[in-house]
Protein chains: 2
Amino acid sequence: MPNQTSSLDLMFQALADPARRSMVERLSRGPASVSELARPLAMSLPAVMQHLAMLEAGGIVSSAKVGRVRTCQIRPEALSLAEQWINQRRTQWERRLDRLGDFLADTADEEDLK
Amino acid sequence: MPNQTSSLDLMFQALADPARRSMVERLSRGPASVSELARPLAMSLPAVMQHLAMLEAGGIVSSAKVGRVRTCQIRPEALSLAEQWINQRRTQWERRLDRLGDFLADTADEEDLK
DNA sequence: CAAACACTTAAGCAATCACTTGACTATCCA
DNA sequence: TGGATAGTCAAGTGATTGCTTAAGTGTTTG
C-alpha cells in the first residue's frame with residue numbers, strides 16, 4: 001500500500017539517521033562539498049549521495065554543482081517547520097497541564113471555604 | 001549490517017509517519033485509549049498498536065493498562081529533546097550568517113575608506 | 001593528451017516498515 | 001455464566017532503507 005508522503009514525513013525521515021544528522025551538523029557550520037560530507041563517515045560515496053538525496057527530498061539541504069564539485073547548504077526554513085510542529089504539540093500539552101493545574105487549585109480553594 | 005540506533009533516531013523515526021503524528025496530535029490534547037487513537041485512522045487495531053510501539057520506543061509516548069484499557073500519554077521531555085537538536089542546528093547556521101554579514105559589512109567599510 | 005578527481009548511475013542484497021488477517025486473552029456487564 | 005469489549009500475538013506480504021560493488025560521466029591539471 002503506497003504511503004502518501006507529506007513534507008513533514010520526508011523531513012523527519014531525513015533526520016532519523018545518524019549519518020544524515022552528522023551531515024546536517026557539518027552543514028550547520030557552513031557549506032560543504034559531497035566529499036567533505038563523506039570524509040567523517042565510514043561508508044562509500046554512493047551511500048553518502050543517497051543520504052544527500054533524502055536530505056534534499058526533505059527540503060533540509062539544497063545543493064548545486066559548479067564544475068565537478070557539488071556544494072551543499074542547509075535550508076533553515078525547513079528545519080524551522082519541523083521545529084514548529086514539535087513546539088506546537090509540546091506547548092499544547094503544557095497549556096493543558098496548566099489548565100488542569102488551575103482547575104485543581106480552584107477545587108482546592110473551594111475545599112478551603114468549607 | 002545492524003544500525004546502532006540512538007534515541008534521536010527512534011524519536012525522529014517515530015515522527016516520520018502521518019498516522020503516528022496524528023496520534024501525537026490527539027495526545028497533545030490529553031490522554032487517550034488505544035481505540036480512541038485508532039478511531040480516526042483507516043487501519044486495523046494491530047497496525048495502530050505497532051505505531052504505538054514505535055512512539056513508545058522513541059520515548060514520545062508512555063502508556064499503562066488499567067483493567068482492559070490502555071491509556072496513552074505524551075512525554076514532552078522527549079519532544080523537547082528533538083526540538084532542541086533542530087533548534088541548535090538552525091541557530092548555529094543563523095549565527096554563521098550573522099558573522100558573515102558582519103564580515104561583509106566590515107569589508108564594505110574598508111572599501112568606503114579608500 | 002592522459003591521468004587524477006569529484007561525483008553519478010545502476011544493480012543487487014539483507015533488514016526494516018507498514019500494513020494485513022486470523023487467532024487468542026483478559027476484563028466488564030447484564 | 002456468557003457475550004460484548006479492548007487489546008494482544010503471530011505470521012505473512014510487498015515496499016522502502018541502507019548499504020555495497022562495478023562501471024560510468026564530466027572536469028581539471030600536469
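By convention in this document, chain letters (A, B, ...) are assigned in the order of the sequence lines, proteins followed by strands, and residues within each chain are numbered from 1. Bear in mind that the values here come from a model prediction, so they are computed numbers and not experimental data.
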So which nucleotide from [options] ends up closest to the side chain of [X]?
X	options	answer
B/R68	C/dC7, D/dT8, D/dA4	D/dA4
A/V69	C/dA6, D/dT8, D/dT21	C/dA6
A/H51	D/dG18, C/dA18, C/dT21	D/dG18
B/Q50	C/dT20, D/dT20, D/dT8	C/dT20
B/V34	C/dT8, D/dT8, C/dT20	D/dT8
A/A47	D/dT29, D/dT20, C/dT21	D/dT20
B/S44	D/dT21, D/dT8, C/dT20	C/dT20
B/D17	C/dC19, C/dT21, D/dC19	C/dC19

Original post:
Is NZ or CZ of B/R89 both nearer than 6.0 Å to the six-membered ring centre of B/W93 and within 45° of the ring axis?
Top reply: no
Tell me the interatomic distance from [X], atom [atom1], to [N], atom [atom2], rounded to whole angstroms.
X	N	atom1	atom2	value
B/D9	C/dC17	CG	C1'	15 Å
A/L52	C/dA6	CG	P	16 Å
A/F12	D/dT17	CZ	P	17 Å
A/M43	C/dT8	CE	P	17 Å
B/L45	C/dG22	CG	P	16 Å
B/M49	C/dG22	CE	C1'	16 Å
B/E36	D/dT5	CD	C1'	14 Å

Original post:
Any idea how A/F12 and B/F12 line up, ring-wise: parallel (<30°), tilted (30 to 60°), or perpendicular (>60°)?
Top reply: parallel
Original post:
Looking just at side-chain N and O atoms, do A/S62 and A/E56 make a donor-acceptor pair shorter than 3.5 Å?
Top reply: no
Subject >> Nearest heavy-atom neighbours spanning B/Q13 and B/R20 >> reply: O-NH2, 3.0 Å
Original post:
Which pair of heavy atoms, one from B/M11 and one from B/G58, lies closest together, and at what distance?
Top reply: SD-O, 3.7 Å
Subject >> Side-chain N or O of A/K65 closer than 4.0 Å to phosphate OP1/OP2 of D/dT27 >> reply: no
Original post:
Is there a donor and acceptor pair closer than 3.5 Å between the side chain of A/R70 and the base of C/dC7?
Top reply: no
Original post:
Got a donor-acceptor pair under 3.5 Å from the side chain of B/Q13 to the base of C/dT16?
Top reply: no
**OP:** For A/P46 and for A/A16, locate the closest nucleotide of DNA chain D by heavy-atom distance; then report the residue assigned to the nucleotide nearer the 5' terminus.
**Re:** A/A16
